[in-house]
Undergrad: 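Quick one: the structure is below, questions incoming.
Within every chain, numbering begins at 1; the chains are lettered A, B, ... in the order of the sequence lines, protein sequences first and strands thereafter. Computed from heavy atoms alone, side chains included, the values below leave out hydrogens, waters and symmetry copies. Note that the structure is a prediction, hence the values are computed from the model and not measured.
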Amino acid sequence: MKETEQNSWFSKEIIAWYKKNKRDLPWRNQTNPYFIWLSEIILQQTQVAQGLSYYYKFITHYPTIFDLAKAKEDAVLKDWQGLGYYSRARNLHASAKYVVNELGGVFPQSFEEIKKLKGVGDYTAAAIASFAYNLPHAVVDGNVYRVLSRVFGIETPIDSTLGKKVFQELATTLLNPKLAAQHNQAIMEFGSQQCKVVHPGCQNCVLQNKCFAFTNNKIDLFPTKEKKAKITQRFFTYIIFVDEEKNTVIYKRDKNDIWQGLYEFFLIEDKHLPTFDELLNNKVVKQNFKRNTSIIKHVVLKKHILSHQHLYAQFFIVKVEKLNSKTGLVVKLSQLSNYAWPRLIDKFFDVCSLQNIC
DNA sequence: AAAACGTGGCG
DNA sequence: TCGCCAAGTTT
């Protein structure tokens with residue numbers, strides 16, 4: 001009984017706050033599961049401001065799940081270019097095909113069935129189930145971790161197995177099952193707009209008196225984490241071979257590595273960035289051009305930062321009589337913009353217009 | 001089950 | 001410049 005009372009004050013407060021303060025976002029105020037799914041995938045580890053234009057692009061290019069299922073994976077990746085975590089795009093596309101081909105185009109309607117979609121985990125399944133069908137599944141995302149850890153003073157690390165369990169259980173207890181959609185939207189919006197990571201609005205917060213972190217002056221101590229990412233350094237030397245016809249060779253990344261599914265140029269990875277002379281002694285390079293090959297241009301990019309890697313990259317543009325295209329794809333320089341590139345290479349395009357210099 | 005997967009913004 | 005973080009999932 002006591003627990004029920006506690007649940008209801010929490011849910012009531014945040015829903016009331018939500019009604020007054022919610023942002024008008026395009027995936028809200030509608031219950032099309034396809035649109036909701038799309039928005040949730042885009043917003044994984046991604047802020048609204050960064051994902052918004054991609055959402056508009058996708059609902060325009062792929063107005064229905066059938067359109068997405070019909071598309072080529074390369075086209076989907078091209079549309080995803082720049083947003084990062086590209087497995088999201090590949091899984092989104094694969095799942096669209098699965099829904100259309102295996103489920104007759106009917107979007108799954110239970111938490112368990114929704115979670116069978118690739119790229120949909122506990123959070124996303126709960127979000128879709130509640131937003132589209134008002135099913136009573138509590139969402140736990142970064143916002144929820146922050147709000148709950150602060151309000152209830154929970155020190156369990158949010159990146160631990162125990163933490164995930166503890167917060168999921170608390171979130172489920174707090175959920176008002178009859179207002180699942182509104183409650184879930186409310187707690188996340190409250191986390192992102194009021195109970196912010198830095199400079200939270202504690203002064204005018206409706207939960208001020210009941211918030212453990214605020215009343216104990218420990219706002220900055222919640223939530224807690226135990227792990228920190230390990231960073232590896234990598235050195236990429238790209239060689240852009242260009243023939244007389246202004247063709248070059250590109251390669252699709254398919255290994256179990258970063259940027260899977262995106263394209264790149266001929267890559268030499270080493271423990272450092274070699275000079276061009278050092279490069280000429282490289283066995284792989286020797287097969288591809290002669291000693292008298294001249295550099296058209298050499299570009300060194302500044303450090304490119306990924307979540308677990310620091311990339312140092314340089315590009316050599318060289319003219320060759322004949323392209324070695326055994327494992328790659330020969331394309332016109334003018335067609336490069338049709339392919340999906342990692343941000344790193346897109347930055348190279350920003351500083352170097354290949355068409356103009358070759 | 002720990003580690004990897006992108007990118008951009010902010011202090 | 002650097003570290004942290006963002007509507008997480010996968011292996």
Undergrad: Are the ring centres of A/Tyr86 and A/Trp259 closer than 6.0 Å?
TA: no

Undergrad: Taking the nucleotide of DNA chain C with the nearest heavy atom to each, does A/Val120 or A/Thr46 sit closer to the 5' end?
TA: A/Thr46

Undergrad: Which nucleotide wins on minimum distance to the side chain of A/Val48, given the candidates C/dG8, C/dA7, B/dG6?
TA: C/dA7

Undergrad: Hey, which of these two, A/Leu344 or A/Thr161, hits DNA chain B nearer its 5' end, going by closest nucleotide?
TA: A/Thr161

Undergrad: Any side-chain N or O of A/Arg343 below 4.0 angstrom from OP1/OP2 of B/dG8?
TA: yes

Undergrad: With P as the reference atom in both, quote the distance from C/dA7 to B/dA4 in angstrom, rounded to an integer.
TA: 23 Å

Undergrad: Can you measure A/Gln309 atom CD to B/dT7 atom P for me and round it to whole angstrom units?
TA: 11 Å

Undergrad: Determine the contact category for A/Asp257: base if any of its heavy atoms lies under 4.0 Å from a base atom, sugar-phosphate if only primed atoms, P, OP1 or OP2 are that close, otherwise nothing.
TA: sugar-phosphate

Undergrad: Indicate yes or no: does A/Asp243 engage A/Lys322 in a salt bridge with an N to O separation below 4.0 Å.
TA: no

Undergrad: Salt bridge check: are A/Asp122 and A/Lys164 linked by an N-O gap of less than 4.0 Å?
TA: no

Undergrad: Quickly work out the A/Gln45 CD to B/dA4 C1' distance and round it to whole Å.
TA: 12 Å

Undergrad: So what does A/Leu306 hit on the nucleic acid, given a heavy-atom distance under 4.0 Å: a base, only sugar-phosphate, or nothing?
TA: base

Undergrad: What about A/Tyr123: does its side chain form a donor-acceptor pair under 3.5 Å with the base of C/dG8?
TA: no

Undergrad: Answer yes or no: is there an ion pair linking A/Asp346 with A/Arg343, defined by an N-O contact shorter than 4.0 Å?
TA: yes

Undergrad: So what does A/Gly51 touch, heavy atoms closer than 4.0 Å: a base, only the sugar-phosphate, or nothing?
TA: nothing

Undergrad: Run the numbers on A/Phe241 and A/Phe266 for ring pair (Phe, Tyr, Trp, His ring centres under 6.0 Å), then give the verdict.
TA: CA-CA 8 Å; A/Phe241 301 103; A/Phe266 186 86; 5.5 Å; yes

Undergrad: From the list C/dA7, C/dA6, C/dG8, which nucleotide is the closest neighbour of the side chain of A/Leu25?
TA: C/dA7

Undergrad: Which part of the nucleic acid does A/Leu83 contact within heavy-atom distance under 4.0 Å: base, sugar-phosphate only, or nothing?
TA: base

Undergrad: Using a 4.0 Å heavy-atom cut-off across all strands, classify A/Lys303 as base, sugar-phosphate, or nothing.
TA: sugar-phosphate

Undergrad: From CD of A/Gln47 over to P of C/dC4, roughly how many Å is that when rounded to an integer?
TA: 16 Å

Undergrad: Expressed in angstrom and rounded to an integer, what is the separation of A/Lys347 atom NZ from B/dG6 atom P?
TA: 14 Å

Undergrad: Output yes when at least one side-chain N/O atom of A/Tyr86 is less than 4.0 Å from OP1 or OP2 of B/dT7, else no.
TA: yes

Undergrad: What nucleotide among B/dG8, C/dA7, C/dG8 has an atom nearest to a side-chain atom of A/Gln44?
TA: C/dG8

Undergrad: In whole angstrom, what separates A/His310's NE2 from B/dA4's C1'?
TA: 14 Å

Undergrad: Which nucleotide, C/dC5, B/dC5, C/dG8, lies nearest any side-chain atom of A/Lys225?
TA: C/dC5

Undergrad: Output the single nucleotide from C/dC5, C/dG8, C/dA7 whose closest atom is nearest the side chain of A/Tyr85.
TA: C/dG8

Undergrad: Please classify the nucleic acid contact of A/Arg90 as base, sugar-phosphate, or nothing, using heavy-atom distances under 4.0 Å.
TA: nothing

Undergrad: NE2 of A/His308 versus P of B/dC5: gap in Å, rounded?
TA: 7 Å

Undergrad: Rounded to whole angstrom units, what separation is found between the CG atom of A/Leu117 and the C1' atom of C/dG8?
TA: 15 Å

Undergrad: Name the nucleic acid region contacted by A/Ser39, choosing base, sugar-phosphate or nothing; use a 4.0 angstrom heavy-atom cut-off, strictly under.
TA: nothing

Undergrad: Select base, sugar-phosphate, or nothing to describe what A/Ile305 touches, counting heavy atoms under 4.0 Å on all strands.
TA: base

Undergrad: Can a salt bridge be assigned to the pair A/Lys116 and A/Glu113 using a cut-off of 4.0 Å between side-chain N and carboxylate O?
TA: yes

Undergrad: Applying a 4.0 Å non-hydrogen cut-off, can you work out what A/Arg23 is touching in the nucleic acid: base, sugar-phosphate, or nothing?
TA: base

Undergrad: Starting at the 5' end of DNA chain C, which residue's closest nucleotide do you reach first, A/Glu40 or A/Asn91?
TA: A/Glu40

Undergrad: Any base atoms under 4.0 Å from A/Lys118, or only sugar-phosphate, or nothing? Heavy atoms, all strands.
TA: sugar-phosphate

Undergrad: Between A/Trp80 (side chain) and A/Gly84 (backbone), is there a donor-acceptor pair under 3.5 Å?
TA: yes

Undergrad: Figure out the CD/C1' separation between A/Gln233 and C/dC2, and round it to whole Å.
TA: 13 Å

Undergrad: Report yes if a side-chain nitrogen or oxygen of A/Trp259 is closer than 4.0 Å to either non-bridging phosphate oxygen (OP1 or OP2) of B/dT7; otherwise report no.
TA: yes

Undergrad: By nearest heavy atom, map A/Ala229 and A/Leu262 onto DNA chain B; which one lands nearer the 5' end?
TA: A/Ala229

Undergrad: Check every strand shown and say whether A/Trp80 touches a base, only sugar-phosphate, or nothing at a heavy-atom separation below 4.0 Å.
TA: nothing

Undergrad: Would you mind checking if A/Asp24 and A/Arg28 are paired as a salt bridge, meaning a charged N to carboxylate O distance below 4.0 Å?
TA: no

Undergrad: Any side-chain N or O of A/Arg146 under 4.0 Å from OP1/OP2 of C/dA6?
TA: yes

Undergrad: With rounding to whole Å, what would you report as the distance between B/dG6 and C/dC4 at their C1' atoms?
TA: 15 Å

